[in-house]
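Chain A is the first sequence line, chain B the second, and so forth, proteins listed ahead of strands; every chain is numbered from 1. Note that the coordinates shown come from a computational prediction; the quantities given were computed from them, not determined experimentally.
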2 protein chains.
Amino acid sequence: MALSRDQVVATAVDLLRRYGLGDLTMRRLARELGVAPGALYWHVANKQELLVHVADALLSEIPPPPVGQPPAEALAGLSVGVRDALVQVPDAADVVGLAYAVRPGATRALRDLAGLVHDVGVPASERDEVAALVVHQILGSVAGQHNRRLAALADPDLPPPDAAAEAKAFEVGLAVILRGLVRSR
Amino acid sequence: MALSRDQVVATAVDLLRRYGLGDLTMRRLARELGVAPGALYWHVANKQELLVHVADALLSEIPPPPVGQPPAEALAGLSVGVRDALVQVPDAADVVGLAYAVRPGATRALRDLAGLVHDVGVPASERDEVAALVVHQILGSVAGQHNRRLAALADPDLPPPDAAAEAKAFEVGLAVILRGLVRSR
DNA sequence: ACCTGAACACCGTTCAAGT
DNA sequence: ACCTGAACACCGTTCAAGT
């Protein structure tokens with residue numbers, strides 16, 4: 001039966017997860033799907049658009065924050081959850097960064113995050129900016145860990161990143177942000 | 001006379017500044033220098049290494065913070081200065097992000113930043129983490145503005161980013177970080 | 001409506017051979 | 001020491017033509 005766009009996107013996510021952005025090429029994707037490269041352009045305008053759909057797919061798998069939790073705690077928990085999900089996918093920070101810049105509120109996970117920033121007491125005039133700060137810390141941490149992993153592979157003198165230490169570093173930064181927010185209630 | 005590595009890097013910076021990472025290819029760079037593509041590999045191991053040198057060149061142009069300023073103020077000023085410098089160069093966030101992940105203290109500007117984080121009273125155990133947070137906010141802001149610019153070019157329905165508003169958003173986030181630091185003195 | 005085949009204009013990298 | 005020429009194994013995208 002005919003190919004669907006969902007099928008194209010799902011296979012793209014799979015390729016990204018397994019081999020990274022360097023191997024997520026239109027030609028490779030077509031091969032994986034058993035079609036000619038040109039066939040993909042019936043389902044997707046171009047590679048950029050495909051990557052936005054891939055970002056949406058990655059973010060849609062993140063569990064929503066549990067209800068009834070204090071907002072600061074929920075914000076921290078969701079931030080860690082988003083980071084945990086993305087850190088497993090090579091180049092996720094690049095892919096999601098693109099999609100976020102264009103449409104910050106397009107996915108539920110990032111809307112939840114903005115909502116919690118509101119709940120924590122940030123005035124409406126600064127809500128988007130603070131949400132962006134949290135997103136930068138998440139994507140920066142993910143990108144940093146991934147870059148260090150690549151660097152260690154390329155140069156055996158460099159130590160590979162320690163996942164626990166990276167997660168800890170992320171939470172230290174997040175705690176600074178949360179302290180900064182409390183004073184603005 | 002013979003090509004030098006500095007010459008190769010300087011031309012690469014120029015290409016990045018003028019046309020972005022998409023046009024900073026080894027072949028294009030070789031053409032610009034009037035040599036065969038293979039010639040570049042005498043001066044540089046590969047493209048990755050070239051990009052690290054490019055990042056160093058970009059960061060080395062940033063003015064150091066004036067002495068005698070209160071540390072929190074100097075930290076804010078330097079952060080804004082780094083952002084201002086990078087936001088003018090397409091894809092600077094990607095290029096610098098790579099170099100920073102591998103060698104956070106390799107350039108003076110980023111060492112100054114880490115030093116000011118210390119001066120502001122952050123305990124030694126959290127210095128690197130907080131410096132990374134500030135760097136994430138800088139690079140995230142730069143990447144976000146650039147991604148929005150690209151998106152607006154590709155899709156005329158999207159508004160182009162307003163430079164002043166982007167700068168303001170950055171400073172709001174930075175202020176949150178600084179408030180979070182004050183409590184940890 | 002959906003896909004193939006073939007082309008166009010590119011990439012990064014290697015390496016024998018030249019000077 | 002430094003560079004050329006030529007090759008290898010790729011890219012994203014387009015589009016007439018087929019079913």
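Residues A:Leu33 and A:Trp42 fall into different hydrophobic clusters, defined by Ile, Leu, Val, Met, Phe, Trp and Tyr side chains chained together at heavy-atom separations under 4.5 Å.
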Might you list the N or O atoms of the protein lying below 3.5 Å from N or O atoms in nucleotides 1-6 of chain D, with each pair's distance?
from  : atom 1 : to      : atom 2 : distance (Å)
D:dC2 : OP2    : B:Trp42 : NE1    : 3.1
D:dC3 : OP1    : B:Leu3  : N      : 2.9
D:dC3 : OP2    : B:His43 : NE2    : 2.6
D:dT4 : OP2    : B:Ala36 : N      : 2.7

N/O contacts under 3.5 Å, protein versus nucleotides 16-19 of chain D?
none

Which protein N or O atoms sit under 3.5 Å from an N or O of nucleotides 8-12 of chain C?
from   : atom 1 : to      : atom 2 : distance (Å)
C:dC11 : OP1    : B:Thr25 : OG1    : 3.3
C:dG12 : OP1    : B:Met26 : N      : 3.1
C:dG12 : OP1    : B:Lys47 : NZ     : 2.9
C:dG12 : OP2    : B:Met26 : N      : 2.9
C:dG12 : OP2    : B:Arg27 : N      : 3.2
C:dG12 : N7     : B:Arg27 : NH1    : 2.6
C:dG12 : O6     : B:Arg27 : NH1    : 2.7

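The two residues B:Val176 and A:Ile177 make their nearest non-hydrogen contact at CG1-O, 3.6 Å. Taking all atoms of both residues into account, the shortest heavy-atom contact from A:Leu50 to A:Ala12 is CD1-CB, 4.1 Å.
Taking B:Asp6 as the reference, nothing meets the salt bridge (Lys or Arg N to Asp or Glu O under 4.0 Å) condition, with sequence neighbours excluded. Residues satisfying the salt bridge (Lys or Arg N to Asp or Glu O under 4.0 Å) test with A:Asp128, not counting sequence neighbours, are none. Looking at residues two or more places apart in sequence or on another chain, you find no salt bridge (Lys or Arg N to Asp or Glu O under 4.0 Å) involving B:Glu73. Partners of B:Leu98 according to the side chain to side chain contact (heavy atoms under 4.5 Å, CB included) rule, which considers only residues two or more places apart in sequence or in another chain, are A:Asn147, B:Gln48, B:Val102. Residues that satisfy the side-chain hydrogen bond (donor to acceptor under 3.5 Å, both in side chains) test with B:Arg27, not counting sequence neighbours, are absent from this structure.
Remark: the separation of the C1' atoms in C:dC11 and D:dC8 is 12 Å, to the nearest Å. The C1' atoms of D:dC2 and C:dA17 are separated by 13 Å, rounded to the nearest whole Å.
Sequence neighbours left out, the pairs with a member in residues 49-68 of chain A that pass salt bridge (Lys or Arg N to Asp or Glu O under 4.0 Å) are A:Arg17-A:Glu61, A:Asp56-A:Arg103. The salt bridge (Lys or Arg N to Asp or Glu O under 4.0 Å) contacts involving residues 156-178 of chain B comprise B:Arg148-B:Glu166, where partners must be two or more places apart or lie in separate chains. Residue pairs meeting the salt bridge (Lys or Arg N to Asp or Glu O under 4.0 Å) criterion with at least one member in residues 78-99 of chain B, sequence neighbours excluded, do not occur.
Put simply, CZ on B:Arg149 and CG on B:Leu158 are 14.0 Å apart, with the number rounded to the nearest 0.5 Å.
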* For DNA chain C, what is the dot-bracket line, given that a base pair needs Watson-Crick (N1 to N3, plus N6-O4 or O6-N4) or G-U wobble (N1-O2 and O6-N3) geometry with both distances under 3.5 Å, and | means paired with another strand? -> ||.|||||...|||||.||

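Applying the side-chain contact (heavy atoms from CB on, under 4.5 Å) test between A:Thr107 and each of A:Ile62, A:Leu113, A:Leu58, A:Leu59 identifies A:Leu59 as the sole match.
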